[in-house]
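Chain letters run A, B, ... following the sequence lines, proteins first, then strands; residues in each count from 1. As the structure is a prediction and not an experimental result, all values here were calculated from the model.
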Amino acid sequence: MMRLGLCCKFSAAEIKFPVTTALSAGRLKPAARRAKLAGLCRANAAALAQALNCCAANGIGSFRVNSQILPLKTHPALGYRLPDLPGGGEIVKSFKACGALARRLGLRLTFHPDQFILLSSENPKITESAVGELEYQAEVAGWIGADVINIHGGGAYGDKAAALARVAKAINKLKPAVRSRLVLENDDRVYTPADLLPFCREHRVPFVYDVHHHRCLPDGLGVGKATELALATWNREPLFHLSSPKEGWRGPDTRSHHDYIDLKDFPAAWRGLDVTIEVEAKAKELAIARLRAQLAAKGWI
DNA sequence: AGCGGTCAAGTTGAT
DNA sequence: ATCAACTTGACCGCT
């Protein structure tokens, strides 16, 4: 079975994951701030349950959870622990209920921490805050049963091998809750599949193959070969990313994402695979519905 | 209710 | 020097 995955949000369905800004929350007195944050966390748990039901009802097989599902959770000044928020225990229960719901609906859940989350930095403070963020996402992942926390290689700082050596060092220090979920994805600026595949094999980190990034930043590997090597890095259902360029492959910048997926961008090598394909398209669930219909018509799903 | 300025965080390459 | 890209425009204070 091939799953198509939705990333973080909906376009037509009225499901919102509310957040706040540090400035706004920071202006409040502590009690009011805790009340506000608790309300946001509660609303996000409720929205997640809605999202899971909506995915299941629309033939969407996986859902990527937004990094701000607990808003400002790891902010250096405003970060908090759920037990310190009013009703914190109930909020955790709501997330665990989302986990049970996802299991019942057969949905896979994933995380994709922001671009700021780097394990390659030369600055230990950056790595430290990245690890804090990974630990937060891993805790929520445990509640809801998410098996993936996906990040990029980060910067190269002029020496990719040295940067990847720092990633390896950081990975080896991660707590099991993070380490067991951590996966690495090729990006469209720095780290290609050819850069990451040997690293992923050596360190037993599953490799998320983003074919759009690969087409924007090629490395001599063909799509078929990269697919085959990526599949071999997984000890569970493999995860791929798919998108189409906003202004076509002849446009000024092929990196930005189109509203929908052009079927021509769906790799022949992916036909009929038992994998999760996260669809990175602006039209969200509408793009998935269209792609799914097109794949089904061809018998490729 | 609608509008516009603003938003925690790092790195890269195009302009 | 600024901007856009990276997963996603949404929030908030003002009128």
Side-chain angles (χ1 to χ4, degrees), chain A residues 5-11 13-28 36-37 39-40 43-44 47 51 62-80 109-134 136-137 146 148-160 163 166-167 183-192 208 210 212-214 216-217 239-243 245-247 251-259 277-285 287-288:
Chain A
L6 177 65
C7 302
C8 305
K9 60 188 298 199
F10 294 81
S11 89
E14 285 299 319
I15 300 173
K16 302 286 180 202
F17 293 89
V19 297
T20 186
T21 62
L23 201 62
S24 163
R27 271 198 285 264
L28 300 174
K36 180 188 176 90
L37 291 168
L40 289 170
N44 274 285
S62 86
F63 184 66
R64 180 190 299 171
V65 180
N66 158 353
S67 293
Q68 289 271 33
I69 190 83
L70 301 181
L72 299 176
K73 174 72 169 65
T74 59
H75 187 280
L78 303 172
Y80 52 90
L109 293 172
T110 70
F111 284 83
H112 194 358
D114 289 314
Q115 55 271 35
F116 317 105
I117 306 313
L118 311 171
L119 296 180
S120 55
S121 176
E122 295 171 290
N123 178 349
K125 289 216 175 332
I126 290 174
T127 309
E128 204 177 297
S129 62
V131 169
E133 178 75 17
L134 292 172
Y136 139 59
Q137 297 200 19
V148 161
I149 300 176
N150 173 30
I151 61 173
H152 295 287
Y157 313 87
D159 186 345
K160 261 185 217 181
R166 288 192 295 273
V167 174
V183 303
L184 283 175
E185 178 194 344
N186 62 301
D187 64 80
D188 56 15
R189 285 282 194 212
V190 183
Y191 291 100
T192 65
V208 175
D210 186 317
H212 182 74
H213 289 162
H214 194 200
C216 293
L217 181 67
L239 181 62
F240 292 162
H241 284 181
L242 177 65
S243 35
K246 187 185 182 67
E247 298 166 279
D253 187 350
T254 55
R255 293 175 303 146
S256 53
H257 295 166
H258 199 279
D259 288 348
I277 300 171
E278 289 187 326
V279 176
E280 297 182 336
K282 300 275 188 192
K284 298 293 163 187
E285 78 275 23
I288 293 180

Supply the atom-to-atom distance A:His213 NE2 to A:Asp188 CG, rounded to the nearest 0.5 angstrom.
4.0 Å
Once you round to the nearest 0.5 Å, how far does CD1 of A:Ile117 lie from CD1 of A:Ile126?
10.0 Å
Rounded to the Å, how far apart are [X] [atom1] and [N] [atom2]?
X        : N      : atom1 : atom2 : answer
A:Phe116 : B:dC7  : CZ    : C1'   : 10 Å
A:Arg189 : C:dC3  : CZ    : C1'   : 11 Å
A:Ile126 : B:dA8  : CD1   : C1'   : 13 Å
A:Lys125 : B:dA8  : NZ    : C1'   : 16 Å
A:Tyr191 : C:dC6  : OH    : C1'   : 15 Å
A:Ile117 : B:dT11 : CD1   : P     : 12 Å
A:Arg255 : B:dA14 : CZ    : P     : 8 Å
A:Asp188 : B:dT11 : CG    : C1'   : 12 Å

Grab the two heavy atoms, one from A:Tyr157 and one from A:Ala163, that are nearest each other, plus how far apart they are.
CD1-CB, 4.3 Å
Smallest heavy-atom separation, A:Ser11 atom then A:Lys284 atom, equals N-CB, 3.8 Å
Does any non-hydrogen side-chain atom of A:Ser24 lie less than 4.5 Å from one of A:Lys36?
yes
For residues A:His152 and A:Arg189, determine if any side-chain heavy atom of one lies less than 4.5 Å from a side-chain heavy atom of the other.
no
Using atom [atom1] of each nucleotide, how far apart are [N] and [M] to the nearest Å?
N      : M      : atom1 : answer
C:dA10 : B:dG10 : P     : 24 Å
B:dC3  : C:dA5  : C1'   : 27 Å
C:dC3  : B:dG5  : P     : 14 Å
C:dA4  : C:dG9  : P     : 14 Å

Step through the shown structure and confirm whether more than 12 heavy atoms of other residues, nucleotides or ligands are within 6.0 Å of NZ on A:Lys160.
yes
Under 4.0 Å, counting only non-hydrogen atoms across every strand here, what does A:Ala77 touch: a base, just sugar-phosphate, or nothing?
nothing
Salt bridge or not between A:Arg255 and A:Asp253? Use side-chain N to carboxylate O under 4.0 Å.
yes
Please tabulate, for the side chains in residues 63-78 of chain A, all donor-acceptor contacts under 3.5 angstrom to protein atoms that are two or more places apart in sequence or on a different chain.
unit_1  : atom_1 : unit_2   : atom_2 : d
A:Arg64 : NE     : A:Glu278 : OE1    : 3.3
A:Arg64 : NH2    : A:His241 : NE2    : 3.2
A:Arg64 : NH2    : A:Glu278 : OE1    : 2.7
A:Arg64 : NH2    : A:Glu280 : OE2    : 3.0
A:Asn66 : OD1    : A:Gln68  : N      : 2.5
A:Ser67 : OG     : A:Gln137 : NE2    : 3.2
A:Gln68 : OE1    : A:Leu72  : N      : 2.9
A:Lys73 : NZ     : A:Tyr80  : O      : 3.1
A:Thr74 : OG1    : A:Glu133 : OE1    : 2.5
A:His75 : ND1    : A:Ala77  : N      : 2.9
A:His75 : ND1    : A:Leu78  : N      : 3.1

For every nucleotide of nucleotides 7-15 of chain C, 5' to 3': is a protein heavy atom under 4.0 Å from its base (B), only from its sugar-phosphate (S), or from neither (-)?
BBSSSSS--
Just need the stems in DNA chain B: three or more back-to-back Watson-Crick or G-U pairs, each with both distances under 3.5 angstrom, sorted by first number.
B:1-7 with C:9-15, B:10-15 with C:1-6
